[in-house]
Amino acid sequence: IAGAQVSASLGIFSESTLTAKDGQYIMRLKVSYWFARVKIVVSAKGYEQKSSYVFIFPGRQSLLANFELADRTKPDLTIVSPVSGSEIFPDPVIELRYDDQVSGINLGSLVIFANDREISKYIKTIDLQKATCSIPQDDPLPNGACKITARVKDRAGNLAAESVFVMVID
């Protein structure tokens, strides 16, 4: 994970951030620390923090501690068009932008609603950063107040939702 922070401590008085070399984190130990219990903490922006205890035995020059960090950050999602508070025709084009720098977007999770009516079937273009949804003239949005909501998840299952309120006029 890019930007991961790794620290190790041998008790309350000895803590250090480990230095990275070739994808491995290195901590120098004195002979007096052999048989020591070492707490290793791993964290990265957008991920949970995990810790684990490992034991250092005499004669060992290295140890391996594997960590799997879970993505805890929801994706960024914006309804670019229409803008909240605007007046729109019954057959608008809805434009979305989304991004997730941690685990990536799950494109199959994208859904769009207009007043609780799913309109995802009208999505015309979709890629890793944007989508457009064109409401056809033969299935228009009803006149009056309308809440347009978009939802998307990242690959870790974190949900982002965004809504705009518009007035549909014919």
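Sequential numbering from 1 along the given sequence is applied to the chain's residues.
Within the 4.5 Å cutoff, no side-chain heavy atoms of Thr149 are placed close to those of Glu162.
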CA sep, side-chain torsions, deciding dist, call: Arg117, Asp139, side-chain contact (heavy atoms from CB on, under 4.5 Å) = CA-CA 12 Å; Arg117 172 184 148 210; Asp139 192 14; 2.8 Å; yes
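Side-chain atoms of Asn158 come within 3.5 Å of backbone N or O of Thr73 as a donor-acceptor pair. In this structure a side-chain-to-backbone donor-acceptor pair under 3.5 Å is missing from Asp154 to Lys74.
Partners of Asp127 according to the side chain to side chain donor-acceptor pair (under 3.5 Å) rule, which considers only residues two or more places apart in sequence or in another chain, are Lys130.
Considering OG1 of Thr125 and CD of Glu95, their distance stands at 8.5 Å, rounded to 0.5 Å. Going from atom CG of Asp138 over to atom CG of Asp91 covers 10.0 Å, rounded to the nearest 0.5 Å. Rounding to the nearest 0.5 angstrom, the gap separating the OG atom in Ser120 from the CZ atom in Arg151 is 9.5 Å. Atoms CZ and CG, on Arg155 and Asn106 in that order, are 8.0 Å from each other to the nearest 0.5 Å. A distance of 6.0 Å separates OG in Ser134 from NZ in Lys124, rounded to the nearest 0.5 Å.
Other residues sharing a hydrophobic cluster with Leu141 under the 4.5 Å side-chain heavy-atom criterion for ILVMFWY residues are Leu77, Ile79, Ile88, Ile94, Leu96, Tyr98, Ile105, Leu107, Leu110, Ile112, Ile119, Tyr122, Ile123, Ile126, Leu128, Ile135, Ile148, Val152, Val164, Val166, Val168.
Of all non-hydrogen atoms in Ser103 and Ala156, the two that sit nearest each other are OG-N, 3.4 Å. For the pair Pro75 and Ala160, the tightest heavy-atom approach, listed with the atom from each and the gap, is O-CB, 3.3 Å.
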